[in-house]
> 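Can you keep this structure in mind? I'll have questions shortly.
All values below were derived from every heavy atom in this structure, side-chain atoms included, with hydrogens, water molecules and symmetry-related copies excluded. Chain letters run A, B, ... following the sequence lines, proteins first and then strands; every chain starts at 1.
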Amino acid sequence: MPVKNADIAAAFEQIADLLELQNANPFRVRAYRNAARVVGELKLDLAATIAAGRPLPKLPGIGSDLEAKIREFATTGRMAALERLKKEVPAGVAELLKLPGLGPKRVRALYEELHVHTLPQLLRAARDGRIRSLPGFGAKTEQRIAEAIERQLGQVKRFKLAIAAQYADALLAHLKRAPGVVEVAAAGSLRRAKETVGDLDLLATAPDGAAVCRHFTQYPDVAEVLQSGETRASVVLKSGLQVDLRVVPQESYGAALMYFTGSKAHNIRLRRLAQAVFTNESASGWQQVTFASPVAVTANTTIPANVHLKVLQNGIFQVADGVKLIINGPLEAGPHQIFSWSGSGAIFIRGNCKEVLAEWFYPEGVTDHTDYIKKAVLATKQFDSYESAKDYWRPPVILTKPSYTIANLTFGGGWTGDYYAISLVGRLSNHRGAPVLWVKAGSGNNGIVVGDGTNFQDNNLFENLRIQKVGGYPGDNTG
DNA sequence: GCCC
DNA sequence: CAGTACG
DNA sequence: GGGCCGTTACTG
């Protein structure tokens with residue numbers, strides 16, 4: 001029986017669970033979990049590679065110790081460390097970790113104090129009222145444990161995407177009626193269009209999060225409320241599907257949607273990157289700078305990604321001749337002019353910016369928008385070469401007015417093969433900002449032609465998503 | 001546990 | 001506050 | 001040797 005990568009991953013996962021129950025260093029536990037993920041997603045057959053005597057590639061998160069364990073398991077089918085741990089922790093106890101509300105500390109208390117090793121034993125203990133006597137447990141916890149076990153026995157674990165989407169649509173409609181709600185969206189694995197969905201992750205923006213959470217928990221299909229607070233609530237529907245809601249202020253919508261869409265590993269990687277390159281970037285902790293009067297951009301200026309710009313009306317960046325303004329962070333402004341430039345001054349908007357409004361580039365009252373839309377599109381050209389550009393997302397140019405006057409449909413500049421997405425706000429049913437119009441660098445004249453996306457055979461509305469997929473959502477098996 |  | 005949970 | 005995601009958020 002050949003050892004598969006999945007077997008190795010499962011062994012590491014078990015070690016992680018057992019170490020956790022032994023109160024081991026949480027970072028050591030995490031190291032095993034990371035290794036399990038890396039091995040589980042690896043295409044290369046590790047056991048076969050070892051059997052053939054070929055060297056193993058350097059795998060992220062796997063050092064000399066874990067590589068030795070992989071070799072041991074691949075050649076002998078056993079892992080001594082795992083077997084040692086299994087002797088130290090009663091069999092079946094790791095199952096208890098899967099119950100909501102039960103982590104390593106509580107499970108340990110359960111089996112050490114009550115000698116509870118299995119789910120049926122735990123259910124009996126809960127019904128007998130023995131659990132509430134333990135320190136750290138109360139009557140409410142005990143009741144929730146009993147309910148969770150009863151629910152879990154014989155439950156479907158994950159839901160098919162299309163089924164989950166139906167639950168989500170109904171819930172989103174319900175959430176829209178909550179007090180003060182502006183935006184609602186489905187995030188998580190549903191938004192990532194995974195084939196199956198373990199739970200629903202919904203996002204809403206509203207000034208009063210607690211009120212929205214209360215409204216959410218009153219949804220008729222709710223079987224149990226797991227928690228409900230100022231910004232978060234979790235419920236279980238009658239079907240057994242868990243639904244998590246986040247409510248954030250309107251200005252956090254972009255970052256929150258990013259965060260709540262995940263995957264978890266993707267979020268962690270983003271934060272690590274942000275920490276290394278910038279400073280203390282987080283889903284809710286953007287630094288904010290407000291300009292109340294015109295700001296003159298002098299030397300070639302780069303605004304770092306951890307600065308969230310919010311431009312008030314009448315606030316204008318004046319970009320001097322020959323000067324480059326590069327904005328890496330989020331940018332908020334109304335649909336009015338916020339940029340002015342002279343001569344060869346240029347504006348680049350990239351990184352964390354969610355969208356670019358054409359209106360930022362022209363004053364009120366213009367009748368031909370061609371040059372300004374062109375400026376907006378070129379402002380999203382973030383990279384110096386096509387090679388580096390194709391791997392990264394670029395903010396779409398958002399057109400907020402019903403119509404624009406475009407006298408000339410040819411843009412100069414740009415690299416052959418470059419794409420610039422132009423999006424209309426609120427015109428599509430899938431989600432805000434999905435591209436409906438594309439600008440593509442031409443092949444003959446090295447110019448850019450604007451047109452309806454349907455005119456381009458190789459266009460695809462999900463181009464941006466696909467690029468991110470190729471770049472890799474690491475660990476995309478959660479959420 | 002891994003990695004700098 | 002510790003424990004558990006979320007992506 | 002020292003950090004490892006989060007000015008995380010909720011519960012009891």
Side-chain angles (χ1 to χ4, degrees), chain A residues 12 15-16 19-20 23-38 58-70 81 96-109 132 134-145 148 186-192 194 197-203 209-210 213 217 225-234 242-248 252 255-276 279-288 306 473-479:
Chain A
F12 282 156
I15 290 181
L19 283 175
E20 207 166 32
N23 211 5
N25 180 338
F27 296 106
R28 191 172 160 223
V29 174
R30 183 185 301 173
Y32 277 99
R33 294 241 154 83
N34 287 340
R37 178 177 56 71
V38 168
K58 170 75 196 86
L59 298 173
I62 293 177
S64 61
D65 183 281
L66 292 179
E67 183 178 324
K69 287 189 169 69
I70 290 174
L96 307 184
L97 285 173
K98 296 195 174 71
L99 289 174
L102 289 192
K105 299 283 166 54
R106 284 179 172 163
V107 167
R108 189 151 190 237
R132 67 182 74 183
L134 291 178
F137 293 83
K140 193 165 174 182
T141 310
E142 181 179 81
Q143 186 193 343
R144 294 241 325 245
I145 288 173
S189 53
L190 180 67
R191 186 164 187 261
R192 300 202 308 281
K194 300 302 291 180
V197 171
D199 66 3
L200 293 186
D201 304 298
L202 307 182
L203 176 66
C213 286
T217 58
V225 178
L226 298 176
Q227 57 174 221
S228 181
E230 294 289 314
T231 68
R232 251 171 46 171
S234 293
Q242 181 172 330
V243 188
D244 302 316
L245 169 70
R246 293 264 170 151
V247 189
V248 298
S252 301
L257 190 55
M258 181 77 149
Y259 156 70
F260 214 26
T261 297
S263 68
K264 172 183 175 178
H266 180 62
N267 287 346
I268 289 177
R269 201 162 105 166
L270 278 183
R271 292 223 168 90
R272 276 163 120 54
L273 187 65
Q275 196 173 53
T279 55
N280 300 325
E281 180 184 357
S282 78
S284 57
W286 296 107
Q287 294 182 34
Q288 195 163 309
N306 62 332
Y473 274 116
D476 198 359
N477 50 14
T478 61

> For A:Leu102, answer base if it contacts any base atom (sugar-phosphate contacts may also be present), sugar-phosphate if it contacts only those atoms, and nothing otherwise; contact means non-hydrogen atoms under 4.0 Å.
sugar-phosphate

> What's A:Pro26 touching, base or sugar-phosphate or nothing? Going by heavy atoms closer than 4.0 Å.
nothing

> Between A:Asp65 (CG) and B:dC3 (P), how many Å, whole number?
11 Å

> How many Å lie between CG on A:Leu19 and P on B:dG1, as a whole number?
8 Å

> With DNA chain D as reference, determine whether A:Phe27 or A:Arg144 sits nearer its 5' end, using the nearest nucleotide of each.
A:Phe27

> If I take atom CG in residue A:Leu245 and atom P in nucleotide C:dG7, what distance separates them, rounded to the nearest angstrom?
12 Å

> Please state the P separation for the pair C:dG7 and D:dC4 - nearest whole angstrom.
23 Å

> Would you mind reporting whether A:Arg144 and A:Leu99 have side-chain heavy atoms less than 4.5 Å apart?
no

> For the side chain of A:Gln227, counting heavy atoms from C-beta on, which of C:dG7, D:dT11, B:dG1 is nearest?
D:dT11

> Rounded to whole Å, please give me the gap between CG in A:Asp244 and P in C:dC6.
6 Å

> A:Leu202 pairs by side chain to side chain contact (heavy atoms under 4.5 Å, CB included) with which of A:Leu190, A:Asp244, A:Leu245?
A:Leu245

> Apply side-chain contact (heavy atoms from CB on, under 4.5 Å) to the pair A:Phe260 and A:Val248, showing each step before the final yes or no.
CA-CA 11 Å; A:Phe260 214 26; A:Val248 298; over 6 Å; no

> Which nucleotide wins on minimum distance to the side chain of A:Thr231, given the candidates D:dA9, C:dG7, D:dG12?
D:dA9

> Give A:Asn25 one of three labels, base, sugar-phosphate or nothing, depending on what nucleic acid heavy atoms sit under 4.0 Å from its own.
base

> Assign A:Gly63 to base, sugar-phosphate, or nothing according to its heavy-atom contacts below 4.0 angstrom with the strands shown.
sugar-phosphate

> Give a yes/no on whether any side-chain N or O of A:Lys264 is located under 4.0 angstrom from OP1 or OP2 of D:dG6.
no

> Taking side chain as C-beta onward, heavy atoms only, is A:Phe12 less than 4.5 Å from A:Ile70?
yes

> Rounded off to whole Å, could you give me the CG-to-C1' distance for the A:Leu226 and D:dC10 pair?
11 Å

> Given B:dC3, B:dG1, D:dC10, which nucleotide is nearest the side-chain atoms of A:Lys58?
B:dC3

> Between C:dC6 atom C1' and A:Leu200 atom CG, what is the distance in whole Å?
14 Å

> Do A:Arg192 and A:Ser189 come close enough that some side-chain heavy atom pair is under 4.5 Å?
yes

> Select base, sugar-phosphate, or nothing to describe what A:Glu142 touches, counting heavy atoms under 4.0 Å on all strands.
nothing

> Taking it one step at a time, do A:Asn23 and A:Lys105 satisfy side-chain contact (heavy atoms from CB on, under 4.5 Å)?
CA-CA 7 Å; A:Asn23 211 5; A:Lys105 299 283 166 54; 3.1 Å; yes

> Please work out if A:Arg106 contacts a base, only the sugar-phosphate, or nothing of the nucleic acid, heavy-atom cut-off 4.0 Å.
sugar-phosphate

> Out of C:dT4, D:dG12, D:dT8, which nucleotide sits closest to the side chain of A:Pro104?
C:dT4

> Taking atom P of C:dT4 as reference, at what distance in whole Å does atom CD of A:Gln242 sit?
16 Å

> Examine D:dA9: is either OP1 or OP2 under 4.0 Å from a nitrogen or oxygen in the side chain of A:Arg232? Give yes or no.
no

> If I take atom CE in residue A:Met258 and atom C1' in nucleotide C:dG7, what distance separates them, rounded to the nearest angstrom?
12 Å

> Choosing from D:dG6, B:dG1, C:dG3, which nucleotide comes nearest the side chain of A:Lys105?
C:dG3

> Base, sugar-phosphate, or nothing for A:Tyr32, non-hydrogen atoms under 4.0 angstrom?
sugar-phosphate

> May I ask you to say what A:Ser234 touches in the nucleic acid, namely base, sugar-phosphate or nothing, with a heavy-atom cut-off under 4.0 Å?
nothing

